Amino acid sequence: MKRRVAISILGTTLDAGKWENRWSRWRPNVALCQQPGLFIDRLELIHDNHSQALCHRIVGDIGTVAPATEVRSNIINFRDPWDFSEVYTNLRDFARGYSFDPETEDYLVNITTGTHVAQICWFLLTEARIIPGQLLQLSPPRDREPEQDFAGTHRIIDLDLSRYDEIAKRFASEREDAASFLKSGISTRNAAFNRMIDEIERVVIRSTAPVLLTGPTGAGKSQLARKIYELKKSQRKVSGPFVEVNCATLRGDQAMSTLFGHVKGAFTGAAGERAGLLKSADKGVLFLDEIGELGLDEQAMCLRAIEEKRFLPVGADRETSADFQLLAGTNRDLGEDVRKRRFREDLFARLNLWTFQLPALRERKEDIEPNLDFELKRYLEREGENVTFNKEARERYLSFATGPQAVWSANFRDLSASVTRMATLAPHGRITTDVVDDEVRRLNAFWRSSSDDGRPDMIIEEVLGAEAAARLDHFDAVQLAAVLHTCREQATASSAGRALFAVSRLEKRSSNDADRLVKYLARFDLRFEDVKQR
């Protein structure tokens, strides 16, 4: 039969009491050795060198009530018993230096005495199996009558986590719910997008650092930013509002005033004070969409507001403060803008801690079908009409939408508008093949007209010049124009390469899409940065 060993901290308050009346009160470490059905063969009693006298008395009293229990004194000095790092380090060192023998001994760790910090450390050490035992909790007797035995009661807490599978499953389910919430409840099928959302979910719950969302226009940055705010608020990470501003609409003094506010009379027309959006976002989330469009002066003030939570309103003599969490969005390559001195390097470094690039719709074609259902659901909520596809019409639309001819230049905005048009025109709430065919023609016409009126030479002339464009064969011109348009729509050469060589990448015929694109552009003496700049 195994011996039972208890590990306990001396309770300098509960174990001491008024010593002359010690047998009329409950003392945890004495009671530990009096528990019915729980004989303790050995007690490892931990105390500091200032409590040796009390320890000697407790050992003597344990010898009176449980003479067969061996008590060992262990001295550990805590300079600050409420310092988590110090307490954990000392107790961990004690555990690592102890000669545990689980084959012949069972170990109980008493969490009744000691500070709350010590109790937490005991739990961590035991749960991590640094101490191969179980936790023990003692409770005093309910009715304290003089003639009553003062042993009280005990409870052994088993930390075998296999018993808590339901809790683990519930936690995993809550994680999945949070990730699904960020995706607007859409069951996306794109593995890379799923991994990105899972990472965003972990970051926004655990961190208050700025988050930068990049990707082409219409990829869903604004919608995701709002969902991040709603998730943070549901987790009580923020209590203030969600404030969104499109930086591309801000120019000159208006930008400073809109962001940082102004005082009365700061400039012509400033008839009163204005708080500014940063102040409005206090205790909440500020989303600066298209942050790459901000001027350098505004960028400098934003950096200080992010780092110090303080800024100076236009025309003010006194600073104001706002404690907000920042989300930023852009369809630009901010790293390239830094190199061209269009974006501050220090602000980019502050934003670049957590950067997530949202893929274009054509990079997530497997997600078009679930988003199709999502848009129909949104139409029902918005218009109060339940519209569905017939089978053939749905198959025809998905075949077009996921095929190579679908450009989706405005990404999810194109898809949302397309579904809205079909739902509005659907006879009797049923989208037919005729409705789909009309929509396909409409989309193709729209994409052709928005692509320089369908003339490939327009963008080539802009990039290469009219003389060089005139020397190209029509075959080369059509191909080059398609490549240039893709480069304009993507933030980086890597993302443009992925869009252009998606099929060969799946067939593993392409190992470096960005390199292939760079070499293709070099045939025309072009660099990716030149195409983006123009």
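Everything numeric here is computed off the predicted structure, so don't read it as measured data. Here, residue 1 is the first one in the sequence, and each next residue gets the next number. Hydrogens, waters and symmetry mates are skipped; everything else that's a heavy atom, side chains included, is used.
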Could you walk me through whether Y88 and L125 pass the side chain to side chain contact (heavy atoms under 4.5 Å, CB included) test, one step at a time? CA-CA 8 Å; Y88 180 83; L125 292 167; 3.8 Å; yes
Would you say the side chain of T126 lies within less than 4.5 Å of the side chain of I157, judging by non-hydrogen atoms? no
Pairwise distance CG(N331) to OG1(T217) - rounded to 0.5 angstrom: 4.0 Å
Test item: side-chain donor near acceptor, Q325 and T208, under 3.5 Å: no
Step by step, work out the side chain to side chain contact (heavy atoms under 4.5 Å, CB included) result for V518 and F528. CA-CA 7 Å; V518 168; F528 179 80; 5.6 Å; no
What is the minimum heavy-atom distance between T432 and N390, and which atoms define it? CA-ND2, 3.5 Å
Output yes when a side-chain donor or acceptor of D414 lies under 3.5 Å from a complementary backbone atom of A410, and no otherwise. yes
Exceeds 12 heavy-atom contacts within 6.0 angstrom, atom CZ of R421: yes
Quick test of your reading of the model: are R332 and E293 salt-bridged, counting only N-O distances below 4.0 Å? yes
K519/D515 under salt bridge (Lys or Arg N to Asp or Glu O under 4.0 Å): CA gap, chis, key distance, verdict: CA-CA 6 Å; K519 290 178 179 177; D515 185 60; 3.1 Å; yes
Value for OG1 (T433) from NZ (K391), rounded to nearest 0.5 Å, stands at 14.5 Å
Without swapping roles, check the side chain of N411 against the backbone of L361 for a donor-acceptor pair under 3.5 Å. yes
Does Q223 use its side chain to pair, donor to acceptor, with the backbone of G220 at less than 3.5 Å? no
Whether K279 side chain and S321 backbone form a donor-acceptor pair below 3.5 Å: yes
Student check: side-chain heavy atoms of L484 and L480 closer than 4.5 Å: yes
Report yes or no: does K365 contribute a side-chain atom to a donor-acceptor pair with the main-chain N or O of A401 at less than 3.5 Å? no
L259 vs L288, test: side chain to side chain contact (heavy atoms under 4.5 Å, CB included). Steps then yes/no. CA-CA 10 Å; L259 291 172; L288 295 180; 3.9 Å; yes
Measure the shortest side-chain to side-chain distance between L212 and L334 over non-hydrogen atoms and say whether it is less than 4.5 angstrom. yes
For P241 versus S280, what's the shortest heavy-atom pair and its separation? CG-O, 3.2 Å
Over all atoms of both residues, closest heavy-atom pair of F348 and G335: CZ-N, 3.9 Å
Between N444 and Q405, the two heavy atoms sitting closest are OD1-O, 4.0 Å
For E383, I'd like to know if atom CD has over 12 heavy atoms of other residues, nucleotides or ligands within 6.0 Å. yes
Derivation and outcome, salt bridge (Lys or Arg N to Asp or Glu O under 4.0 Å), residues D373 and R394: CA-CA 11 Å; D373 297 328; R394 183 183 180 89; 3.0 Å; yes
Taking I111's backbone N and O only, do any of them form a donor-acceptor pair with Q119's side chain (distance below 3.5 Å, no angle check)? yes
Classify the ring geometry between F242 and F287 as parallel (under 30°), tilted (30 to 60°) or perpendicular (over 60°). parallel
More than 12 heavy atoms from other groups under 6.0 Å of NZ on K309: yes
E392 vs V436 side-chain heavy atoms within contact, under 4.5 Å: no
Sidechain-backbone polar pair: D337 side chain, F343 backbone, donor-acceptor under 3.5 Å: no
Between CG on residue L398 and CD on residue E369, distance to nearest 0.5 Å: 5.0 Å
If you take all heavy atoms of F400 and L443, which pair is closest and at what distance? CE2-CD1, 3.7 Å
In this structure, CE of M301 is separated from CG of L296 (nearest 0.5 Å) by 14.0 Å
Closer than 3.5 angstrom, by distance alone: can the side chain of R310 be matched with the main-chain N or O of R304 as a donor-acceptor pair? no
Under a 3.5 Å distance rule, please check whether E385 uses its side chain to pair with a backbone N or O of Y379 as donor and acceptor. no
Given side chains that start at C-beta, do those of Q490 and L517 come closer than 4.5 Å, heavy atoms only? no
Separation between CG of D476 and CD1 of I460, rounded to the nearest 0.5 Å: 9.0 Å
Apply salt bridge (Lys or Arg N to Asp or Glu O under 4.0 Å) to residues K227 and E230 and explain how you reach the verdict. CA-CA 5 Å; K227 287 294 182 179; E230 292 173 1; 3.8 Å; yes
Straight-line distance of S416 OG to L372 CG, nearest 0.5 Å: 11.0 Å
Taking the basic N atoms (NZ, or NE/NH1/NH2) and the acidic carboxylate oxygens, is any pair closer than 4.0 Å for D438 and R441? yes
Less than 4.5 Å apart, side chain to side chain, heavy atoms only: is that true for F84 and I120? yes
Would you say the side-chain atoms of E439 and S418 include a donor-acceptor pair closer than 3.5 Å? yes
Is there a donor-acceptor contact under 3.5 Å linking the side chains of N246 and E290? no
Could you check V243, D323, T320 and say which one makes a side chain to side chain contact (heavy atoms under 4.5 Å, CB included) with D282? D323
Is the shortest heavy-atom distance from the side chain of T330 to the side chain of K221 under 4.5 Å? no
Hey, is the main chain of F389 close enough, under 3.5 Å, to the side chain of R430 for a donor-acceptor pair? yes
Decide yes or no for L500 and D513: does some side-chain heavy atom of the first lie under 4.5 Å from some side-chain heavy atom of the second? no
Pair L347-I306, side chain to side chain contact (heavy atoms under 4.5 Å, CB included): steps then yes or no: CA-CA 9 Å; L347 178 57; I306 294 168; 3.9 Å; yes
Looking only at non-hydrogen atoms, find the nearest pair between R342 and Q299 and report the distance. O-NE2, 3.5 Å
Under 30°, 30 to 60°, or over 60°: which ring-plane class applies to F260 and F311, parallel, tilted or perpendicular? tilted
Do other residues, nucleotides or ligands put more than 12 heavy atoms under 6.0 Å from the CZ atom of R155? no
